[in-house]
Amino acid sequence: DGHLGDDAAEFCAARLHLHVRAAGETSQDILPAAFAACDAEMRANLPNGSEAGTTATFAAVRGSDVADEFKVVVANAGDSRAVLW
């Protein structure tokens, strides 16, 4: 969901998952820093004075130590939300 164009949305779609991966094992503890790092990189790469922005939803599904059980970690920025059913 881009605000004032698609630049910010396209940038985050291409880069947010890389910041999450670089931050370490996906958990609720690292996601705020990963989102902030992506935002900082995006701001540095958008044209000066750009007011473009975006919302984002991130979800990761991973296995658990318990058989047939999964862990889901979900985060959002802005007014994006995820519904798990």
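All values reported here derive from a predicted model rather than from experimental measurement.
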Of all the heavy-atom pairs spanning Gly78 and Thr55, show the shortest one and how long it is.
-> CA-CG2, 4.0 Å
Of all heavy-atom pairs between Ala23 and Ala34, which one has the smallest distance, and what is that distance?
-> CB-CB, 4.3 Å
Distance in Å, Met42 CE paired with Leu16 CG, rounded so as to fall on 0.5 Å steps | 10.5 Å
If you round to the nearest 0.5 Å, how far is NZ of Lys71 from OG1 of Thr26?
-> 12.0 Å
Are Phe70 and Val74 connected in the hydrophobic side-chain network, where two residues link if heavy atoms are under 4.5 Å apart?
-> yes
Might you point out which heavy atoms bring Thr57 and Ser80 nearest each other, and give the distance in Å?
-> OG1-CB, 3.0 Å
Of all heavy-atom pairs linking Val20 and Ile30, the shortest is O-CD1, 3.9 Å
Quick one: NE2 on His19 to CG on Asp39, what's the gap to the nearest 0.5 Å?
-> 9.5 Å
Could you give the distance from CG (Asp6) to CZ (Phe11), rounded to the nearest 0.5 Å?
-> 15.0 Å
Going from CZ on Arg62 to OG on Ser27, what distance comes out if it is rounded to the nearest 0.5 angstrom?
-> 7.0 Å
Asn76 vs Phe58, side-chain contact (heavy atoms from CB on, under 4.5 Å): CA-CA, chis, key distance, verdict = CA-CA 6 Å; Asn76 70 287; Phe58 176 89; over 6 Å; no
Rounded to the nearest 0.5 Å, how far apart are SG of Cys12 and CG of Asp7?
-> 11.0 Å
Does Gln28 CD have over 12 foreign heavy atoms under 6.0 Å away?
-> no
Between Val73 and Leu84, is there a shared hydrophobic cluster once you connect ILVMFWY residues whose side-chain heavy atoms come closer than 4.5 Å?
-> no
